[in-house]
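One structure is given here, and the rest of the page talks about it.
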There are 2 protein chains.
Amino acid sequence: MNQPKRYLNIVSEMRDMIREQNIRPGDRIPSERELAEKLAVGRSTIREALRSLELLGLIETRRGEGTFLSEPRNHRLVELLSTFVLQDSKSHEDVRETMCIHETAAIQAICGTDAAKLPVWDSFLGRLEAHDFKREDFVRELMVLSGNRLSLKIWFLLKQYSGNPYDGDVSPEEKKLLTNILQAIEEQDAEAAIRGFKAWSSVLTKGENKEWR
Amino acid sequence: MNQPKRYLNIVSEMRDMIREQNIRPGDRIPSERELAEKLAVGRSTIREALRSLELLGLIETRRGEGTFLSEPRNHRLVELLSTFVLQDSKSHEDVRETMCIHETAAIQAICGTDAAKLPVWDSFLGRLEAHDFKREDFVRELMVLSGNRLSLKIWFLLKQYSGNPYDGDVSPEEKKLLTNILQAIEEQDAEAAIRGFKAWSSVLTKGENKEWR
DNA sequence: TTTTTGAAAGTGGTCTGACCACTAATCTTT
DNA sequence: AAAGATTAGTGGTCAGACCACTTTCAAAAA
């Protein structure tokens with residue numbers, strides 16, 4: 001009978017251990033030798049599990065010191081997979097399209113509520129006037145305002161995975177366009193807002209940003 | 001000086017090797033012992049690299065046979081993302097809503113193409129008539145037809161976390177409703193299709209499935 | 001006493017060699 | 001020719017040994 005691989009058990013056992021003992025990012029994890037003894041496996045098996053987690057950026061190892069739980073911002077999943085998976089252009093297209101799905105859904109959600117009347121909305125408008133306002137800030141703000149944190153997280157991860165389509169500053173011409181989108185949202189005209197957003201976004205990606213420079 | 005870890009070098013060397021030798025998904029990779037000799041490192045180092053890639057789903061190992069390059073559809077991007085994306089923001093409502101985002105986007109996508117004229121569409125209609133057609137089958141079929149595999153994967157994952165809102169068989173009354181949705185899609189009337197879908201889905205979740213039993 | 005030094009203990013990084021469990025190809029027997 | 005047994009090759013795991021490095025702390029020097 002083909003047995004399940006031990007190192008995979010170790011991976012999940014370690015996840016449980018981290019949760020049960022409430023180990024926080026930055027904290028130290030028991031040493032490889034300790035883990036091997038405690039879990040009754042060889043050290044090399046422990047290492048196979050640890051190296052897997054390390055490649056994902058979930059843990060950090062410092063020779064001579066020990067192994068530590070990583071800060072979530074250091075998780076490397078996205079970067080890693082992009083180096084292996086991104087060669088397939090179809091996948092890349094899927095990523096871009098899925099991002100767009102979340103973005104338009106966010107706009108739809110905002111239009112469906114009275115979010116445009118909340119104080120955060122005013123602060124949004126104010127920040128748009130700042131001279132160093134980035135394109136990414138605009139979209140992220142929309143995602144946050146949608147109120148769906150899961151959607152926001154997925155979007156954020158996809159963004160890194162897609163090579164940052166919203167890189168760069170907002171030019172004065174663009175600012176007018178964005179203001180129109182916000183106005184449409186304020187009037188709860190989802191259709192117009194989405195139309196405007198898609199126009200802006202398609203110019204960014206297909207036009208290689210030339211129009212705005 | 002703290003030297004870079006060898007197993008990381010191995011990871012990238014293997015990526016290069018795969019590209020240069022044009023190894024395709026399903027093909028066999030040199031054995032661990034061969035790689036160890038060729039790259040002049042210990043077998044355990046090779047294994048640390050291989051186990052990392054295996055956790056990502058980039059390779060597959062079969063004891064007694066060898067190590068093989070995985071099909072891209074087996075990559076574990078989404079699964080791994082979920083293990084720590086869903087941890088803190090796993091509000092059930094967000095999950096359900098995000099699922100819905102992907103579902104409506106799928107319908108929208110199908111309506112935008114001529115998918116309803118493809119042979120797969122007929123097979124879809126045929127399967128709907130089967131007596132053991134599950135609700136989940138209906139939605140999954142839509143997700144597949146959208147053509148966005150990433151979106152499909154995300155949806156599939158969310159489904160597991162959401163307590164399977166589409167559990168159960170399709171009742172005869174339901175079948176009429178679903179047929180209407182499909183007809184709207186066939187006529188490329190996205191708005192009507194989505195309206196119909198949301199009506200069906202909201203009855204399922206809020207009505208606790210009572211109406212259909 | 002305070003500071004410096006350095007030896008020891010502990011940790012991750014790597015290699016080697018040895019089994020085991022399993023598969024597939026080969027050889028042997030029927 | 002077919003069925004069974006052998007064997008070579010593969011991944012899975014373990015134990016033990018070094019190495020390079022960091023921290024600690026006690027001994028030596030100031």
Side-chain angles (χ1 to χ4, degrees), chain A residues 1-15 17-18 21 23-71 74-76 80, chain B residues 1-15 17-18 21 23-71 74 76:
Chain A
M1 189 61 78
N2 218 324
Q3 295 175 7
K5 330 217 161 178
R6 288 212 198 179
Y7 90 97
L8 287 178
N9 277 9
I10 303 297
V11 167
S12 48
E13 282 199 47
M14 291 208 16
R15 200 201 318 278
M17 176 189 300
I18 287 169
Q21 303 186 10
I23 300 179
R24 311 299 223 85
D27 287 356
R28 191 165 166 282
I29 288 173
S31 77
E32 299 180 349
R33 290 168 176 88
E34 274 181 72
L35 287 171
E37 193 180 2
K38 192 166 299 184
L39 301 178
V41 296
R43 191 181 153 208
S44 48
T45 301
I46 293 288
R47 280 186 63 81
E48 290 182 11
L50 288 181
R51 262 0 88 206
S52 301
L53 296 178
E54 188 187 29
L55 190 69
L56 293 176
L58 300 179
I59 60 175
E60 235 173 273
T61 57
R62 298 200 278 275
R63 181 191 246 164
E65 300 182 53
T67 305
F68 303 82
L69 207 59
S70 289
E71 301 288 338
N74 294 333
H75 293 173
R76 300 177 36 79
L80 252 188
Chain B
M1 193 55 82
N2 219 325
Q3 295 176 8
K5 329 217 162 177
R6 288 211 198 182
Y7 89 98
L8 287 177
N9 277 9
I10 304 296
V11 166
S12 48
E13 282 199 47
M14 292 208 19
R15 185 187 52 214
M17 175 189 299
I18 288 170
Q21 303 188 9
I23 301 178
R24 306 167 114 265
D27 288 356
R28 191 166 166 284
I29 288 173
S31 76
E32 299 180 349
R33 290 169 176 88
E34 275 181 71
L35 287 171
E37 192 179 2
K38 192 166 300 183
L39 301 178
V41 298
R43 193 182 153 209
S44 49
T45 301
I46 293 288
R47 280 186 63 81
E48 290 181 9
L50 288 181
R51 266 355 90 208
S52 301
L53 296 179
E54 191 187 27
L55 190 68
L56 292 176
L58 299 176
I59 61 174
E60 238 173 89
T61 58
R62 297 201 277 275
R63 177 193 248 164
E65 298 182 54
T67 305
F68 304 82
L69 207 59
S70 288
E71 301 287 339
N74 294 333
R76 306 178 59 79

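Every chain is numbered from 1, with letters handed out A, B, ... down the list of sequences. All figures in this text were calculated on a predicted structure; none of them were measured in a lab.
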| What is the distance from CZ of B:Arg28 to P of C:dT23, rounded to the nearest Å? | 15 Å

| query | Atom CG of B:Leu50 to atom P of D:dG11: distance rounded to whole Å? | reply | 8 Å

| task | Look at atom CD of A:Glu37 and say whether more than 12 heavy atoms of other residues, nucleotides or ligands are closer to it than 6.0 Å. | result | no

| task | Going by the salt bridge (charged side-chain N to carboxylate O under 4.0 Å, His left out) test, name the single residue among B:Glu34, B:Glu48, B:Glu32 that passes it with B:Arg43. | result | B:Glu32

| field | Spacing between A:Glu65 atom CD and C:dT11 atom P, to the nearest angstrom | value | 12 Å

| Looking only at atom types and distance, does a side-chain atom of A:Ser70 sit under 3.5 Å from a main-chain N or O of A:Gly57, one as donor and one as acceptor? | yes

Between the protein and nucleotides 12-16 of chain D, are there any N/O to N/O pairs under 3.5 Å, and if so, what are the atom names and distances?
from   : atom 1 : to      : atom 2 : distance (Å)
D:dG12 : OP1    : A:Lys5  : NZ     : 2.8
D:dG12 : OP1    : B:Thr61 : OG1    : 3.3
D:dG12 : OP2    : B:Arg47 : NH1    : 3.1
D:dG12 : OP2    : B:Arg47 : NH2    : 3.4
D:dG12 : OP2    : B:Arg51 : NH2    : 3.4
D:dG12 : O4'    : B:Arg63 : NH2    : 3.3
D:dG12 : N7     : B:Arg43 : NH2    : 2.9
D:dG12 : O6     : B:Arg43 : NH1    : 3.3
D:dT13 : OP1    : A:Arg6  : N      : 2.8
D:dC14 : OP1    : A:Arg6  : NH1    : 2.6
D:dC14 : OP2    : A:Gly42 : N      : 2.8
D:dC14 : OP2    : A:Thr45 : OG1    : 2.5
D:dC14 : O5'    : A:Gly42 : N      : 3.3

| field | Check: B:Ile18 and B:Asp27 side chains under 4.5 Å, non-hydrogen atoms | value | no

| Within the structure shown, what part of the strands sits under 4.0 Å from B:Glu60 by heavy-atom distance: base, sugar-phosphate, or nothing? | nothing

| field | Pair A:Arg51 + B:Glu54: basic N to acidic O under 4.0 Å | value | no

| N or O in side chain of B:Thr67 less than 4.0 angstrom from D:dT10 OP1/OP2 | no

| field | Heavy-atom side-chain proximity of A:His75 to A:Leu56 below 4.5 angstrom | value | no

| message | Please report the distance, rounded to the nearest Å, between CG in A:Leu53 and C1' in C:dG12. | response | 15 Å

